[in-house]
Amino acid sequence: MPDVQPRLLKGFRDYLPEVQLPKERMLSRIVAVFESFGFAPLQTPALEYADILSGKCGEEGDKLLYRFEDHGGRGVALRYDLTVPLARVLGQYGNLDTPFKRYQIGPVWRAEKPARGRFREFVQCDADIAGTKSLLADVEVLQVACRCFERLGIEGFRVRLSNRKVLSGLLVKIGVGEGPAGMGVIRTIDKMDKIDEDGIRKILRDENGLESSAVDDVFAFTGLGGDSAADTLNELDAYFGDIEVGRAGVAELREVTGYFEPAGIASRVSLDLSLARGMDYYTGTIAEGVLTDLPGFGSVLGGGRYDELVGLFRGQSIPAVGISVGVDRLLAGLQELELVDSVSTPTEVYVTLFDGDSIAEAMRLSSELRAEGLRVEMAPEPVKLGKQLRFADRKGIPLVLVAGPDEREQGKVAVKDLRHGSQETVALSGLAAELRRRLDAPVESEAASR
RNA sequence: GUGGAUGUAGCUCAGUUGGUUAGAGCGCCGGUCUGUGGAUCCGGAGGUCGGGGGUUCAAAUCCCCUCAUCCACCCCA
């Protein structure tokens, strides 16, 4: 019996190498995409004063905050997302050049009940543009989202786009105020793809308290949709008549969708009037990314425009728009789809130890290869060769070097490729280049190795 | 937070109406192989049957409590 039972808090996870390695590779690709658009990194603390974070994500959001008192009696909380800390930074430093384009990658914490693809600690990757009202920024952020998915080799994804002002217009149309009542209606609309029309009508009437004419109005709204986004938006204009917010939202969507073609995201982003987003702070564009092969899995990307949030930390408001990629959920989703190669080591070359006499030579060889940029692991002890090979094979290391008396005498080394079992004796001079060549060569089919 | 289901080896599970030392497959370790992995065959290690209490001559099995996990609702990355 151990003194302490090893265990994990609910909703928290360990990332063992076979998961962490693919995850970090995903992250570095995402960073590459962010930087390709000129976003610069920002890092902020995990812990903030509680009043900085509370009240920004809706009443529901506050319940999900991990908050407590520190040793000095200060009310503190773990950050709930990366957007509010960014708003704090924008409010705190007056001398930032705008537009300020930053990306941030880090864990956030929410005291939710964990479920499939939902954790209490998870990593978000945010890219935001602050300091401009231009809708080109909204388009750019959508572009970034699409490029991220593409760069990760994910084919089955879709970004749903809508606008908060359009939803506000709908609420005006059906005579429901903003706030809890309005959010209730919007959430019901969000469930349209899960529940049939009769069910939705029932919820709208019984739970959201709508008149039946208002229910009809809701369906008239969600039923809109022509052959193209432009058609849909024209219908929407007519639907809103003289409701100003609604028309403003339509105008924004019209401008944003107008740039889809040159932005190269026309096939990825689609207008979806049933989209609702949880955060209270969104004011315009809202977007959500989903894996099309996992319906009902939840969103792996969220974002939108929040023009008033920064104003809470500063006299004047700073408009901003951004997206957030949920890598942990994305990774969990890709695992379910079996799209993640599980690799448990970065090692490319395994240097075996033939016997006690070969250690010094193997050590020198390993160092030389590392200096040439290869990732090299040396066996820790000269046990039976079979064991050393089995270890390398299990870890998924592609190449193994064996140097016994025969090879040493000739100044050569045996290179075995565990991917297809071929083996060749290679001269020590130019070895690194030779190994590199083999690693870069396409892997032959598995069948040939059996 | 609400409702439902499930907890037996590292993993997936079996375990007959409560009855002796709780099983299988996979994995792991060793051997077959004195310089070569993924195959075969042989052998081996590994389990307070989630935890606590109760009923009983006897509990993995029945009852109560508790914890954990999964699914749906909810919410979202």
Side-chain angles (χ1 to χ4, degrees), chain A residues 1-2 5 7-11 16 30 57-61 63-64 79-83 105-126 145 148 183-184 186-188 190-191 194-195 199 203 207 275-280 286-291 296-304 322-333 350 352-355 357-358 379 382-408 414-423 425 446 449-450:
Chain A
M1 268 298 243
Q5 275 303 321
R7 67 218 141 100
L8 239 29
L9 282 165
K10 198 198 209 53
L16 296 179
I30 290 172
C57 306
E59 309 97 64
E60 285 298 311
K63 287 189 214 151
L64 304 181
R79 64 185 177 211
Y80 172 97
D81 67 7
L82 299 176
T83 306
I105 294 175
V108 301
W109 295 267
R110 297 183 190 177
E112 286 187 282
K113 185 170 172 180
R116 177 169 82 134
R118 188 162 84 209
F119 316 105
R120 287 183 169 172
E121 177 186 61
F122 60 97
V123 170
Q124 287 196 327
C125 305
D126 282 30
C148 280
M183 278 314 290
I186 289 170
R187 286 202 190 105
T188 306
D190 197 33
K191 284 174 208 148
K194 288 182 195 163
I195 308 174
I203 297 172
E207 292 177 31
L275 172 66
R277 300 241 71 234
M279 300 305 167
D280 268 10
I286 48 180
E288 178 173 287
V290 292
L291 296 173
F297 184 69
S299 57
V300 293
L301 171 137
I323 49 128
S324 174
V325 181
V327 241
D328 286 303
R329 180 176 289 178
L330 185 56
L331 189 65
Y350 194 74
T352 58
L353 293 180
F354 186 81
D355 53 28
D357 296 337
S358 63
V383 294
K384 289 168 54 171
L385 259 189
K387 271 189 84 163
Q388 300 187 45
L389 285 170
R390 188 143 40 99
F391 175 80
D393 184 47
R394 269 213 294 259
K395 291 267 287 248
I397 301 171
L399 299 180
V400 172
L401 302 187
V402 179
D406 298 351
E407 288 84 359
R408 249 177 283 163
V415 178
K416 182 167 180 121
D417 192 323
L418 293 179
R419 291 169 297 186
H420 38 257
S422 63
Q423 181 169 331
T425 306
E446 279 291 316
S449 67
R450 295 253 167 197

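Proteins get letters first, then strands, A, B, ... in listed order; numbering begins at 1 in each. All heavy atoms count here, side chains included; hydrogens, waters and symmetry mates do not.
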Ring centroids of A/F391 and B/G37 base under 5.5 Å with planes under 30°: no
Set of side-chain hydrogen bond (donor to acceptor under 3.5 Å, both in side chains) partners for A/E407, sequence neighbours left out: none
Of the candidate nucleotides [options], which contains the atom at the shortest distance from the side chain of [X]?
X      : options             : answer
A/R394 : B/C75, B/C28, B/G38 : B/C28
A/K416 : B/A77, B/U36, B/G35 : B/U36
A/K113 : B/G37, B/A72, B/U34 : B/A72

Dot-bracket encoding per residue of RNA chain B, Watson-Crick/G-U cut-off under 3.5 Å, | denoting interstrand: (((((((..((((.....[...)))).((((.........)))).....(((((..]....))))))))))))....
Tell me whether the side-chain N/O atoms of [X] come closer than 4.0 Å to OP1 or OP2 in [N].
X      : N     : result
A/K384 : B/G37 : no
A/R390 : B/C29 : yes
A/K10  : B/C67 : no

Salt bridge present between A/D355 and A/K384 (N-O < 4.0 angstrom): no
hbond_proxy A/R110 side chain to B/C75 base (donor-acceptor, 3.5 Å cutoff): no
First encountered from the 5' end of RNA chain B, between A/G326 and A/E407: A/E407
Check: A/P114 main-chain N/O paired with A/R120 side-chain donor or acceptor under 3.5 Å: no
Sugar-phosphate, base or nothing in reach of A/Q423, heavy atoms under 4.0 Å: base
Side-chain donor-acceptor pair present, A/S324, A/D126, cut-off under 3.5 Å: yes
Non-neighbouring partners of A/F391 that pass ring-ring contact (aromatic ring centres under 6.0 Å, His included), sequence neighbours left out: A/Y350
P gap between B/A60 and B/C28, integer Å: 31 Å
